[in-house]
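Just so you know, these numbers use all the heavy atoms, side chains as well, and skip hydrogens, waters and symmetry mates. No experiment lies behind these values; they were computed from the predicted model shown. Note on naming: letters A, B, ... go to the chains in the order of the sequence lines (proteins, then strands), and numbering restarts at 1 for each one.
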2 protein chains.
Amino acid sequence: MINILVVEDDAELNETICRYLNYSGYEVSGAMNGADALRFMENKKYDLIVSDIMMPLMDGFVFAETVRAVNQEIPILFMTAKDDLGSKEKGFARGIDDYLVKPFDLTELKWRIAALLRRVRIEQVKKIEIGAFVIDEEEHTANYRGEEIALTKKEFSVLYKLLSFPKKTFSRAALMEEFWGYDSNSTSRSVDVCIAELRKKISEVEEFEIITVHGLGYKAVMR
Amino acid sequence: MINILVVEDDAELNETICRYLNYSGYEVSGAMNGADALRFMENKKYDLIVSDIMMPLMDGFVFAETVRAVNQEIPILFMTAKDDLGSKEKGFARGIDDYLVKPFDLTELKWRIAALLRRVRIEQVKKIEIGAFVIDEEEHTANYRGEEIALTKKEFSVLYKLLSFPKKTFSRAALMEEFWGYDSNSTSRSVDVCIAELRKKISEVEEFEIITVHGLGYKAVMR
DNA sequence: AAGATTTTTACAAAATCCTTACAATTTCCT
DNA sequence: AGGAAATTGTAAGGATTTTGTAAAAATCTT
């Protein structure tokens, strides 16, 4: 699954873009401003960013600069309302970035995204291998010593997440927000139940385990 | 699987060509310039190159020269916007190369590629064989143990797609977009009905099956 | 118009997910 | 340390969502 982060302060446009890209098979997150976007990126690996340039608080370039300080790889597709860009702005983009002038066609957006992704060769399989344990996002399967471990959608998401950032502790709230949705009931024990089920299913796996960080959440650790 | 490398700096055209060739059954990589292309070639063996001539940084001829220093065999199909080529440029191509003048029809491109590949005696892969099961794109037929399995257009498209990428899960949305078109109603159950019909028709086939990935979509797996 | 194909609909079946309840564990406080 | 409070583990079962599929309706083909 390819993850795209959309940064756009116009709620309606943001929603339209996200919806369309999601429909096109991408996993999409919509952030309303740069600060939000940076928070998103702390908790999820994105393959591409689509960002407006003119936004309140933090403009697209400042945002991009901050992002690049951490991740040099990720391509950024800038959206701008100005029909002709200043040379300074044009020069800001690197070889693997691109521009799109509003208003644009959604199909056009999709093509540009596909082209950018192709350019950085993101289309490789996202597989995480830990000893004899393999979790594959494209196939949506988990295997241990050649035997498939059947995981449900939520279980898969959570486990893949934990293993993507080993040792990092994820709060229930964070997992809840990402996989269950914003409006989820905070008193819900769903995450715990999901973790319990995962532990049962990976009980044979010796390479890692999910441990509880009391009062904070869960994390995956190698052993 | 035949691997084709497309070298074209116009992102949109690049994407269009890649998408089309991919749809035609080739494994395609898209490079935006010669340097990129050479990097690609370090990591993968290609059977044919489709390259623009006029590109920034490194033009198509310089690129081709570099390629041939390493690989004498690989055929190169040049694309050019000029209607009449200089004799020097014409003379550059070898017997197993070809030219295509822009703008061109995609069908024309496909035909030329097929011709070039034939010339170097590489067999076309439009046929997928899995044990006693054969699905042939050219004839648009499916056979099992010599008996034809009659498939409708949609059924054929979906099955061919699933079998082209075994184990990969395709979401309803993705299949919908590719074979039904983006405007299609997202609440539609057409994909499910199509899968149900396919399953009925391939129920005798032992070599593979279509599996439901709950909450995500469908995939074909060997067994 | 007849036949084939595709879509919609409706209901059944299955899978997933959530809540609940109570037990176990950990932390906090004196 | 001992007990209270908060947090976590987890089984059970019922609610919800997703999928299967037959049959009717709509659409396309010839």
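Protein atom CD1 of A:Ile202 is 13 Å distant from nucleotide atom P of D:dG9, rounded to whole Å. For B:Arg189 and D:dA23, the CZ to P distance is 17 Å, given to the nearest whole Å. One atom, CG of A:Leu198, and another, C1' of C:dT16, lie 14 Å apart when rounded to the nearest Å. Atom pair A:Glu155:CD and C:dT16:P shows a separation of 8 Å (rounding to whole Å applied). The interatomic distance linking A:Asp192 (CG) with C:dA21 (C1') rounds to 14 Å, in whole Å. If you take NZ of B:Lys201 and P of D:dT21, they are 15 Å apart, rounded to a whole angstrom. Atom CD1 in B:Ile210 sits about 13 Å away from atom C1' in D:dG20, given to the nearest Å.
Heavy-atom distances to DNA chain D give each of B:Tyr218 and A:Gly217 a nearest nucleotide, and the one nearer the 5′ end belongs to A:Gly217. Of the two residues contacting DNA chain C, namely B:Cys194 and A:Ser190, the nearest-nucleotide position lying further toward the 5' end is that of B:Cys194. Residues A:Glu197 and A:His214 both approach DNA chain D. Their nearest nucleotides, taken by heavy-atom distance, put A:His214 toward the 5′ side.
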For ring pair (Phe, Tyr, Trp, His ring centres under 6.0 Å), just list the numbers for A:Phe61 and A:Phe78, CA-CA rounded to whole Å, side-chain angles, deciding distance to a tenth of an Å, and then say yes or no. CA-CA 9 Å; A:Phe61 293 114; A:Phe78 293 105; 5.4 Å; yes
Check step by step if side-chain hydrogen bond (donor to acceptor under 3.5 Å, both in side chains) holds for B:Ser29 and B:Tyr46. CA-CA 9 Å; B:Ser29 308; B:Tyr46 291 94; 2.8 Å; yes
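The shortest distance between the side-chain N/O atoms of B:Lys200 and the OP1/OP2 oxygens of D:dA22 is below 4.0 Å. Distances shown here put a side-chain N or O of B:Thr152 below 4.0 Å from the OP1 or OP2 atom of C:dT6. Contact check, B:Thr212 against C:dA15: no side-chain N or O comes under 4.0 Å of OP1 or OP2. In terms of phosphate contacts, A:Ser188 brings no side-chain nitrogen or oxygen within less than 4.0 Å of OP1 or OP2 of C:dC18.
Checking D:dG20, D:dT8, C:dC18 against every side-chain atom of A:Trp180, the shortest atom distance belongs to C:dC18. Listed candidates were D:dG20, C:dT9, D:dG9. Nearest to the side chain of B:Arg172 is D:dG20. The side chain of B:Val193 lies closest to D:dA22, out of C:dA10, D:dT10, D:dA22. The nucleotide whose nearest atom lies closest to any side-chain atom of A:Lys154 is, among C:dT7, D:dT19, C:dC18, C:dC18.
Within the 4.0 angstrom heavy-atom criterion, no nucleotide atom of any strand lies near B:Val191. Across all strands shown, B:Leu216 has heavy atoms under 4.0 Å from sugar-phosphate atoms exclusively, and none from any base.
Using bins of under 30°, 30° to 60° and over 60° for the plane-to-plane angle, the ring pair A:Phe165/A:Phe170 lands in the perpendicular bin.
For D:dG20, its base never sits under 3.5 Å from the side chain of B:Arg199 at any donor and acceptor pair.
In this structure, the side chains of A:Ile130 and A:Val205 stay at 4.5 Å or more apart for every pair of heavy atoms. In this structure the side chain of A:Asp47 never reaches within 4.5 angstrom of the side chain of A:Ile4, judged on heavy atoms.
Using a 4.0 Å cut-off between a side-chain N of Lys or Arg and a carboxylate O of Asp or Glu, A:Glu206 and A:Arg223 do not qualify as a salt bridge.
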